[in-house]
Structure formats: C-alpha cells, structure tokens
Number of protein chains: 4
Amino acid sequence: MNSQFDNLQPEKKERIINAALKEFAQNGYEKASTNQIIKEAGIAKGSLFNYFNNKKELYLFLLDYVTKVIEEIYSKVDWDETDFFERVRQAGFIKFEVYKKYPQAFDFMKRAAHESAAEVRAEIEALTQNLIATGLEKSYQNIDFSKFRTDLDLEKVTKIINWTMLGFAEEQRDKITSFQEVTEDVLVEWEMISNTLKRCFYKEEYCGDD
Amino acid sequence: MNSQFDNLQPEKKERIINAALKEFAQNGYEKASTNQIIKEAGIAKGSLFNYFNNKKELYLFLLDYVTKVIEEIYSKVDWDETDFFERVRQAGFIKFEVYKKYPQAFDFMKRAAHESAAEVRAEIEALTQNLIATGLEKSYQNIDFSKFRTDLDLEKVTKIINWTMLGFAEEQRDKITSFQEVTEDVLVEWEMISNTLKRCFYKEEYCGDD
Amino acid sequence: MNSQFDNLQPEKKERIINAALKEFAQNGYEKASTNQIIKEAGIAKGSLFNYFNNKKELYLFLLDYVTKVIEEIYSKVDWDETDFFERVRQAGFIKFEVYKKYPQAFDFMKRAAHESAAEVRAEIEALTQNLIATGLEKSYQNIDFSKFRTDLDLEKVTKIINWTMLGFAEEQRDKITSFQEVTEDVLVEWEMISNTLKRCFYKEEYCGDD
Amino acid sequence: MNSQFDNLQPEKKERIINAALKEFAQNGYEKASTNQIIKEAGIAKGSLFNYFNNKKELYLFLLDYVTKVIEEIYSKVDWDETDFFERVRQAGFIKFEVYKKYPQAFDFMKRAAHESAAEVRAEIEALTQNLIATGLEKSYQNIDFSKFRTDLDLEKVTKIINWTMLGFAEEQRDKITSFQEVTEDVLVEWEMISNTLKRCFYKEEYCGDD
DNA sequence: TATGAATGAGGATTCATTCAT
DNA sequence: AATGAATGAATCCTCATTCAT
C-alpha cells in the first residue's frame with residue numbers, strides 16, 4: 001500500500017516521518033499544514049501525495065508508526081518480574097529510554113489521544129482502545145497477586161492503581177518542558193506514591209519499603 | 001456588551017449556545033466553523049456577528065457560560081458535610097444532575113482544557129487556573145481529616161483519590177452514549193470504589209461501610 | 001422627493017448632513033460606512049433609509065447640497081469689478097469665508113472630485129462639468145480683456161491662468177492641515193504669482209503692481 | 001520573492017498586471033476586488049495568492065511596476081538638449097509613446113497619488129516623494145536658464161509652466177477616449193501653448209517661434 | 001518518479017438594506 | 001415616524017489536492 005514510501009531512502013523516510021509527527025503534534029490533525037511538512041522535510045509538494053493519497057492516510061500511517069514504538073516498550077519489559085510495583089517502576093524506566101529515542105512519537109500520541117477531528121477520531125479510538133486493552137492485559141500478566149490484601153476487590157484496586165499512574169504521568173507531563181528536567185525527581189516522587197499504594201493494597205508483610 | 005444577544009428570545013439563545021458549544025466541543029476553536037453553528041442554530045450568517053463581534057468573543061462568552069454552570073454545582077454542595085467520601089458522593093449526584101441539564105457544556109469544557117489555539121489559550125488557562133484553585137480549596141474545606149490514617153502522607157492520599165475520581169468520571173463518560181443509561185449503575189459502581197478507598201485510607205474505626 | 005427629510009427639525013437635519021459629509025469626505029463613497037453616519041448623527045439605523053432610499057441617494061443629495069454652497073460663493077462676487085486679477089483675488093477671499101462656514105462641504109467636494117466609485121462617478125462628472133462650465137463662463141463675465149497683450153492668443157492665456165490658479169489651489173490644499181495655518185501666507189504667495197502673470201499677460205501700462 | 005509570478009508566461013503575467021492595474025485604478029485600493037481581478041485575468045482564485053501573498057503585496061508590486069514605467073520615460077529623454085521648451089516637447093512625445101504601451105499604468109499612478117487607504121499610503125508617499133524629488137531635479141538638469149527673462153522670479157515661472165503642463169495633460173486625458181484620436185492634434189495644441197509661454201517667459205531674442 | 005503551479009471549496013467577517021414592531 | 005434586529009451577498013484569504021511536465 002505504502003510501497004512507494006517504503007522504498008524511499010531511509011534517511012528521507014525519517015525526515016518525512018519526523019516532520020509530519022512534529023507538525024501533527026504541534027497543531028493537531030485539522031490545523032496541521034501539509035505545506036509545513038513538505039517544507040520541513042525538504043520534499044516537493046506533489047511527492048507527499050504520491051506517497052500518501054491524502055492527509056488522512058498520512059495521519060493513519062503515523063498512528064501505526066507510533067503504535068510500533070509503544071510495542072517496542074512492551075518488548076523490553078522483563079515479564080519474569082512478578083512484583084507489581086517493581087514491574088511498574090521498570091516500565092517507567094524503559095518508557096523514558098524510548099522517549100529519548102522518539103520524542104516526536106510521544107508528543108504525537110499525546111496529541112492524538114485528545115484529537116477530535118471527526119475524520120480520524122474513529123480510527124484513533126479503535127487503536128487506543130486496542131492498545132490499552134492488550135496493554136493492560138499484558139501489563140498484569142505473570143504478576144503475583146497473592147501479595148495484595150484479600151479483603152479488597154482486586155479489580156477495583158487495579159483500577160485505582162491505573163488511574164493513579166495515569167494521573168501521575170499527566171501531572172508530570174504538564175510539568176515537563178524539556179528532557180533535562182526529567183530525571184531523578186520524577187522517579188523519587190513516584191517512589192513515594194508507589195509506597196503509599198503498597199501500604200494500602202499489599203498485605204502487611206509485603207509493605208516494607210523497597 | 002452582549003446586550004443584543006441577551007435580549008434574544010430564550011429559545012433562540014439556547015439554540016445558538018447549544019449549536020456553538022457542540023461545534024467547539026467537536027472541532028476545537030480553530031477548526032470549528034461559524035457557518036456550521038449558524039446552520040445548526042438556524043440563524044442568518046450576519047446575525048451571529050451582530051451578537052458577537054467575532055469567533056473569539058463567541059468562544060469567550062461560552063467559556064464564561066460553562067464557568068457559571070460549574071459554579072452552579074459548587075453552590076449546591078452541602079458544605080456542612082464533614083465526611084470526605086460522603087461529600088464526594090453528594091457532589092457526584094449534583095454533577096450528574098447538572099450534566100443532564102447542560103450536556104454540551106461539559107464536553108465544551110473538556111475540549112477547552114486541551115485547547116491549543118494561541119488566540120484563546122491564555123484566557124482558558126487563566127480561567128481554569130482560577131476554577132481549579134478555588135475549586136480544590138473549596139472541595140476540601142471543612143473536611144474532617146482526622147478520619148484518615150496518620151501513617152500515610154495526606155497530600156499523596158488526596159492526590160490518589162483525586163486521580164481516582166477523575167479516572168472514574170472519564171471511564172463513565174466514555175461508556176455513556178445516552179442519558180438513559182446513566183443512572184443507578186454508575187452510582188453503585190462508585191460506591192464500591194469509594195468503599196475500597198475508604199478501607200485503605202481511613203482509620204479502621206471509620207471503615208464501616210456507609 | 002426628500003420631503004420626509006426636509007420636514008425634519010433643522011438641528012437634526014444638520015447633524016445628519018454634517019455626519020454624512022464628514023464620513024464621505026474621509027472615506028470616499030464605497031468605504032464610507034452608513035453605520036458610522038448614523039452613530040455620529042445619533043439616529044436610528046432605519047431612519048437614514050427612511051429619509052434616503054439608499055447610500056447613493058444620500059450621496060447625491062449631499063452633492064446637491066455642496067453645489068448650493070458653491071453657488072453661494074458666486075452670488076457674493078462683485079461682478080462689477082472688471083479687472084481680472086482683482087476679481088480673482090476677491091473670489092479667493094470669499095471662498096475662504098465660505099470655507100470657514102462649511103468646512104465639511106469643501107472636504108466632501110474635494111473627495112468627490114477624485115471619487116471613482118462607478119456607482120456615482122457619472123453624476124459627479126455631469127455636475128462638476130456643469131459647475132465648471134457655468135463657473136468659468138460666469139468668471140470671465142464683464143472682465144476688461146483690453147488690458148491683455150494683443151499679441152497672445154487670449155484663449156490660451158486664460159487657460160494658462162486657470163491652470164495656474166488650480167495648481168496653486170491644489171498646492172496650498174496639500175499644505176493645509178488646519179484652518180489656523182491658512183491666512184496671510186497663502187494670499188501673499190498668490191499675490192506674487194498673480195503679479196508674475198500680470199507682467200506676462202497684461203499690456204505694459206497695466207503691469208504696475210496693485 | 002515574486003519568483004513564481006516572474007516565471008509565468010509573459011502573456012499571462014501581462015493579463016494579470018493589466019487586470020489588476022485596471023481594477024485598482026477604477027476602484028482604489030480598498031474597494032478593488034481581487035475576485036474581479038481574477039475573473040478579468042482568467043485565473044483561479046488561489047493562483048493570485050500563490051503569486052502575491054495578499055492584496056497589499058500585489059498593490060506594492062504594481063506600484064513598483066509603474067515606477068519602472070516612469071523611469072523608462074526619463075531614460076529616453078535627451079538630457080543634452082538645453083532649451084527648456086524643446087526638452088518639454090520631447091518629453092511629451094516620449095510620454096505619449098509610453099502611454100500607448102502601458103495605458104493602465106498611468107491611470108493606476110494617478111489614482112495612487114490620491115489613495116487614502118492607510119495600509120498602503122506610507123509606501124505610496126515614500127515612493128512618489130522620491131519620484132517627484134528626483135524627477136523634478138532631473139527635469140531641469142542641464143537647462144539653459146539664461147534664456148528666461150531676468151525681471152521675473154524664476155521659481156514662480158517654473159511653477160506656472162509646470163501647472164500649465166499638468167493642466168494641459170489633464171485636459172487632453174479627459175478628452176481622450178481611444179488612442180486613435182491622440183495624434184497630431186494634441187501636439188499642435190501644445191505647440192501653441194508652448195509658444196505663448198515662450199513669448200511670456202523668454203527674453204525677446206529667444207522668442208522666435210520654433 | 002518527482003515536481004510545483006493551478007485549482008476552488010471553504011474559512012471568518014463586513015455592511016447596505018429590509019421589515020416587523 | 002422611528003426603531004434596530006435580521007439578512008445574505010460579497011469581502012480577502014487558506015489549503016488539501018490534482019495534474020501536466
């Protein structure tokens with residue numbers, strides 16, 4: 001389908017992908033300018049429409065691209081780690097590493113999550129729905145749930161933990177403006193919240209910090 | 001300033017407000033089409049610009065409008081209730097009631113929170129900053145914090161509860177497609193989550209369900 | 001035709017005329033705003049269109065109005081003065097007097113002379129054509145042409161004098177920004193030019209300055 | 001900057017320039033319609049804005065264009081001719097030739113001189129100021145002023161001659177409706193006026209006709 | 001295959017004019 | 001007679017998409 005684009009020199013492909021990710025991340029689907037993308041990528045106006053029939057196809061291609069980036073994260077997780085909070089901490093580390101490699105991809109994804117352009121909303125939702133579903137399923141795979149208190153509904157507990165993680169991520173993201181700032185601090189802050197959660201949801205014998 | 005608009009027949013005013021809220025909620029500031037608003041509201045092209053000098057003024061008017069809707073919620077809360085979870089439950093009820101009256105207002109506000117159009121961002125930020133600041137302050141006002149466990153950092157605990165509430169609200173919203181479905185179920189579901197939180201964060205003597 | 005307007009209270013009529021003259025003088029026919037006129041005149045939007053069916057009719061009414069102002073100038077000239085340059089000087093004085101009474105009218109006329117809006121150009125041209133024709137005819141009426149050199153074509157001579165007067169007027173007008181500045185200077189300057197013309201076109205015996 | 005426009009086929013460029021000159025000449029800056037220009041030039045709505053970013057840029061381009069037309073006149077004058085009236089006659093010839101080539105340019109320039117649109121007035125004034133300054137300076141360069149009568153103020157004399165030329169040009173222009181009519185007649189008429197001026201302003205020994 | 005000029009529907013906004021009150 | 005809200009054609013300008021080279 002995108003064979004013409006796939007056959008391009010890798011360097012050129014990357015230039016186009018990055019230019020497009022950046023433009024969509026900054027301006028959202030509708031306001032993003034194909035003109036700006038071709039200018040930043042240094043290609044001809046017509047070329048973009050040779051590779052992708054229209055703006056929407058380009059957008060969906062990028063959506064697929066960032067999905068693969070996210071899958072790269074999953075692939076690096078140590079699924080043998082059975083302690084829930086340990087796994088979460090580890091995933092956080094990996095995520096930051098991948099973030100450093102594909103910063104544009106994350107900004108694009110963040111923007112996509114809030115995208116409301118009718119033309120692409122359906123596809124985004126289907127994809128994220130899927131990502132989250134398989135993502136969550138995977139996330140809890142091989143976890144030792146016996147550490148959790150038995151007097152609480154495990155489903156509710158994991159929901160609360162998920163919302164806390166998402167809320168924390170959101171809070172940090174709003175604070176972040178450059179990578180230099182994202183370091184120790186975030187991890188220390190998370191450690192404190194993580195410990196609070198552990199003390200609430202783990203059986204007493206597993207609550208020892210660290 | 002909007003005297004001309006204010007003097008309109010209430011039914012017409014409402015038509016315009018709803019059409020505009022819907023269009024902005026769906027498409028964001030820049031991509032929202034005044035043409036579409038006009039068409040949906042059934043008024044003449046020039047009329048909209050008689051009422052509001054330009055798109056921005058219309059948007060800011062709506063921002064003010066939804067702010068008042070939110071203030072309506074606060075005004076209905078019983079601030080004498082000192083139990084945290086009781087207060088939250090109550091606020092949830094009120095919010096749903098108001099939601100039923102102004103469904104579009106909530107979608108508009110949600111979109112506005114993520115709006116990136118430079119032309120209106122400053123105003124949105126000033127307003128939400130203010131709303132959130134006074135909102136959170138008020139929310140915890142007169143709450144009996146002595147019921148909470150003393151071995152946990154209260155700041156982290158309230159954060160977790162907030163994120164849980166937001167996450168729950170988001171989850172419910174995504175589930176909702178028509179109002180008929182939003183009833184008992186949501187409240188029962190919240191009751192269960194609320195109890196889980198209570199058992200974790202309250203001292204044992206206050207954990208008795210209900 | 002304009003009976004409705006004619007029957008207005010004189011004070012209100014004047015307010016409307018002055019507001020309209022000012023607006024058309026400043027902005028030209030097409031760019032002039034009926035909104036600005038009604039605002040400045042302090043009348044209702046509909047009223048203006050009760051008095052004058054449309055913008056064009058209002059404009060033509062004003063054109064007629066200023067014509068009468070110009071005719072007032074002619075009526076004050078002493079047609080018994082037979083010396084050409086003396087008569088011109090005198091007319092200049094009168095013109096300034098009338099200018100002080102109806103400043104807006106002159107600005108309007110000046111703008112009208114350069115008006116190129118297709119809708120009114122024809123009428124303006126017909127009128128000014130007529131004004132100039134009868135004006136020039138009148139101007140030279142009862143003049144003692146025997147004072148002019150006989151070796152020159154009188155028709156060419158009067159043309160040169162006319163162009164000089166028009167050029168001078170234009171030059172002065174471009175210099176003028178307020179009335180305070182228009183005084184002695186202009187008249188002194190004209191006197192010098194007038195003398196130059198006299199020395200060239202009059203027989204030697206009539207060249208004595210003054 | 002206008003490279004895209006410059007690279008157009010000459011025939012198309014000319015069509016656009018002429019359509020724009022005509023529209024601006026007839027209606028002035030503000031009221032001139034880009035739609036009309038497009039229609040008259042037979043191009044697509046977007047194309048005009050590919051060539052020129054906006055109305056103002058188009059206008060300034062035309063201003064530059066007509067400036068070059070005027071400079072073409074200066075470049076053709078024989079500056080070695082020292083007789084004032086001979087030089088003027090020659091310039092008149094050249095001007096008519098250029099007029100035949102670029103009739104719209106002159107109408108545009110005339111309108112521009114009276115343009116009141118704030119958006120372009122500054123540029124027009126800077127340009128005309130410069131054109132007139134260097135123009136007048138050049139015009140009298142190398143002229144043999146010793147032929148003029150010494151009892152007259154030379155400054156006033158040149159002013160009168162200038163006004164006469166301008167007035168004559170204006171008179172001829174008003175008479176002209178098609179080029180076929182502009183021929184011998186105009187030149188013969190000017191010869192007569194020119195001789196009248198010469199007889200008045202030159203010392204007697206230089207008054208010999210021709 | 002790559003190019004970039006050409007296209008025209010659609011964007012927000014203005015304003016003379018109408019007409020019900 | 002006086003009002004001013006309602007109207008919609010026309011304004012300049014944008015931008016995804018097409019297509020001849």
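Numbered from 1 within each chain, the chains take letters A, B, ... in sequence-line order. As the structure is a computational prediction, the values presented were derived from the model and not from experiment.
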Residue matched to dA20(F) through Watson-Crick or wobble contacts both under 3.5 angstrom:
dT3(E)
How long is the gap from CD1 on Ile17(A) to CD on Gln104(A), to the nearest 0.5 Å?
11.0 Å
Just to be sure I understand the rule, does Asn50(C) reach a base, reach only the sugar-phosphate, or reach nothing, if contact means heavy atoms closer than 4.0 Å?
base
Does a side-chain N or O of Asn35(D) approach OP1 or OP2 of dT11(F) to a distance below 4.0 Å, or not?
yes
Output yes when at least one side-chain N/O atom of Gln4(A) is less than 4.0 Å from OP1 or OP2 of dA2(E), else no.
yes
Would you mind classifying the nucleic acid contact of Leu48(D) as base, sugar-phosphate or nothing, using non-hydrogen atoms under 4.0 angstrom?
nothing
If only side-chain N and O atoms of Lys12(B) are considered, is one of them under 4.0 Å from the OP1 or OP2 phosphate oxygen of dA6(F)?
yes
Just to confirm, is there a sub-4.0 Å distance from OP1 or OP2 of dA5(F) to any side-chain nitrogen or oxygen of Ser47(B)?
no
Picking from Val69(A), Thr128(A), Leu21(A), what satisfies side chain to side chain contact (heavy atoms under 4.5 Å, CB included) with Met109(A)?
Thr128(A)
How many Å lie between CZ on Phe52(C) and C1' on dA2(F), as a whole number?
15 Å
If the cut-off is 4.0 Å, is Tyr51(D) near the phosphate of dA5(E), judged by side-chain N/O to OP1 or OP2?
no
Presence of Lys55(A) side-chain N/O under 4.0 Å of dA16(F) phosphate oxygens OP1/OP2
yes
Respond yes when some side-chain nitrogen or oxygen of Thr34(C) is under 4.0 Å from OP1 or OP2 of dA16(E), and no when none is.
yes
Look at Glu30(C) together with Lys55(C) and state whether they make a salt bridge at an N to O cut-off of under 4.0 Å.
no
Inspect the contact between Arg15(A) and Glu40(A) and indicate whether a charged nitrogen and a carboxylate oxygen are less than 4.0 angstrom apart.
no
Nearest nucleotide by nearest heavy atom, which residue falls closer to the 5' end of DNA chain E, Phe49(C) or Gly46(A)?
Gly46(A)
Nearest nucleotide by nearest heavy atom, which residue falls closer to the 5' end of DNA chain F, Asn54(A) or Ser33(D)?
Ser33(D)
Rounding to an integer number of Å, can you tell me how far Tyr29(C) OH sits from dC15(E) P?
14 Å
Figure out the CD/P separation between Glu30(A) and dT14(F), and round it to whole Å.
18 Å
